[in-house]
2 protein chains.
Amino acid sequence: MVLDILKRNNLSVTDGRKKILELFLKSDGALEHADIEKFTGETFDRVTVYRTLQTFVDKGIIHHIPTTDNSILYALCKDNCEAGHHHDNHVHFVCEQCNKTICLEDVIVPQVKLPKGFKPSHAEMVVNGICADCK
Amino acid sequence: MVLDILKRNNLSVTDGRKKILELFLKSDGALEHADIEKFTGETFDRVTVYRTLQTFVDKGIIHHIPTTDNSILYALCKDNCEAGHHHDNHVHFVCEQCNKTICLEDVIVPQVKLPKGFKPSHAEMVVNGICADCK
DNA sequence: GTAACTGCAAAATATTTGCATCCTT
DNA sequence: AAGGATGCAAATATTTTGCAGTTAC
């Protein structure tokens, strides 16, 4: 699974990459940079985390999720990544209770009618509220 | 105009606040922290910019705009601010050409149907593409 | 006059870069 | 063996905090 993803993207398989990728696969939601660092902190250098995340973003394995606060969130979105071409067109949900960010893979970002002259290419949507677990 | 906003929010009128607020009113879009600092840099201390922006956010005069890259954007959304209670429910547009972020005041964030158990309270939407000016 | 705002200095955090070494292929 | 990945050290950049002096009301 982890190996597939790395190989498919022509990345050499290293402990750091495996560990971080597994973390994404295990978590159903999005991860903050700080979380990832905390998790890998004992094992890997801070710099390696930066570089690994950057590599994953470049390859389209993970992507940034827009946030209203200033945190930096990354998510791996399973279906799209398996398909190989990354297309993050689903809604993200941020729970105000547990503070997790969840990829709602089945909720597609709706189209909106823009003013004259605006040409959309891609849209992101983030919904805040209470998630199913916290309800 | 600027004075109105400050007084309405029980903030004392200082040069720094006036200058930054004017900058927001002049710009039709959103401002990155770095832009604001560059603009005020000669006149005001870096720290004052941080504190002023924080104050404005607290009072609901400006708000963060979610971004997919890691930049920190603020915007003052005219209508809502005039009304006094801040309710940022319109779509934001990021132009891939000129790189500006524009508040589409007339485009309301659409409702989406969420999975069972999810209770939405607020939604943000960011559309990327080419803006009317760059077209 | 008093409370609030600002500037400065400095601390605390976060991010990036260079280079030598080690690991994957 | 060769190219790429990592760790370490250090350079940068960003954000926060404390405090003394200044300003708005």
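Every value quoted in this text rests on a predicted model; they were computed, and no experiment measured them. Residue numbers begin at 1 in each chain, while the letters A, B, ... track the order of the sequences.
- For Arg46(B), the salt bridge (Lys or Arg N to Asp or Glu O under 4.0 Å) partners two or more places apart in sequence, or in a different chain, are Glu37(B).
- Using a 4.0 Å heavy-atom distance criterion, Leu53(A) is classed as making no nucleic acid contact.
- The hydrophobic cluster containing Ile130(B), built from Ile/Leu/Val/Met/Phe/Trp/Tyr side-chain heavy atoms closer than 4.5 Å, comprises no other residue.
- Comparing dT6(C), dT15(C), dT15(D) by their closest approach to the side chain of Ile72(A) singles out dT15(C).
- Transitive grouping of hydrophobic side chains (ILVMFWY, heavy atoms separated by less than 4.5 Å) keeps Val107(A) and Val126(A) in distinct clusters.
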Open item on the list: Generate the contact string for nucleotides 20-25 of chain C. Rules: B means base contact, S means sugar-phosphate contact only, - means no protein heavy atom under 4.0 Å.
Closed with: ----SS

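- Partners of Val127(B) under the side-chain contact (heavy atoms from CB on, under 4.5 Å) rule, at least two apart in sequence or in another chain, are Val112(A), Leu114(A), Pro120(A), Ala123(A), Val91(B), Phe93(B), Met125(B).
- Looking at heavy-atom distances under 4.0 Å, Arg17(B) makes contact with sugar-phosphate atoms alone, never a base.
- The backbone N or O of Thr52(B) sits nowhere less than 3.5 Å from a side-chain atom of Arg17(B) that would complete a donor-acceptor pair.
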What protein N or O atoms touch nucleotides 11-13 of chain C N or O atoms at under 3.5 angstrom, if any, and at what distances?
none

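- Closest to the Tyr50(B) side chain, of the nucleotides dT17(C), dG7(C), dT14(D), is dT14(D).
- With sequence neighbours left out, the side chain to side chain donor-acceptor pair (under 3.5 Å) criterion links Glu96(B) to Ser121(A).
- Between the CZ atom of Phe56(B) and the C1' atom of dA4(C) there is a distance of 14 Å, given to the nearest Å.
- Checking side-chain atoms of Asp45(B) against main-chain N and O of Val47(B) turns up a donor-acceptor pair under 3.5 Å.
- The overall bend of the helix from dG1(C)-dC25(D) to dT25(C)-dA1(D), read as the angle between its terminal helix axes built from five base pairs each, is 40° when rounded to 10 degrees.
- One atom, CD of Gln54(B), and another, P of dA4(C), lie 17 Å apart when rounded to the nearest Å.
- Separating the CG atom of Asn10(B) from the P atom of dC5(C) is a distance of 11 Å, rounded to the nearest angstrom.
- For Asp58(A), the side chain to side chain donor-acceptor pair (under 3.5 Å) partners are Gln54(A), not counting sequence neighbours.
- Judged by distance alone, with hydrogens and angles left aside, Arg51(B) brings a side-chain donor or acceptor within reach of the base of dG7(C), the pair sitting under 3.5 Å.
- Computed from coordinates, the Asp45(B) CG to dT22(D) P distance equals 15 Å when rounded to whole Å.
- Aromatic ring pairs are classed by plane angle as parallel below 30°, tilted from 30° to 60° and perpendicular above 60°; the pair His63(A) and His90(A) is perpendicular.
- Of the residues in residues 30-39 of chain B, none lies under 4.0 Å from DNA chain D by heavy-atom distance.
- Listed by chain and number, the residues in a ring pair (Phe, Tyr, Trp, His ring centres under 6.0 Å) with Phe56(A) amount to none (sequence neighbours excluded).
- Across all strands shown, Leu6(B) has no heavy atoms under 4.0 Å from either base or sugar-phosphate atoms.
- Distance NZ (Lys18(B)) to P (dT6(C)): 12 Å, rounded to an integer number of Å.
- Around NZ of Lys100(A), the count of heavy atoms belonging to other residues, nucleotides or ligands within 6.0 Å does not exceed 12.
- Rounding to whole angstrom units, CZ of residue Arg46(B) and P of dT17(D) are separated by 17 Å.
- Among residues two or more places apart in sequence or in another chain, the side-chain contact (heavy atoms from CB on, under 4.5 Å) test is passed with Ile108(B) by Asn89(B).
- Across the protein-nucleic acid pair, Asn9(B) atom CG and dA4(C) atom P stand 16 Å apart, rounded to whole Å.
- Between His33(B) and Tyr74(B), the angle of the ring planes lies from 30° to 60°, which puts this pair in the tilted group.
- Through ILVMFWY side-chain contacts below 4.5 Å, Phe44(A) is grouped with nothing and stands alone.
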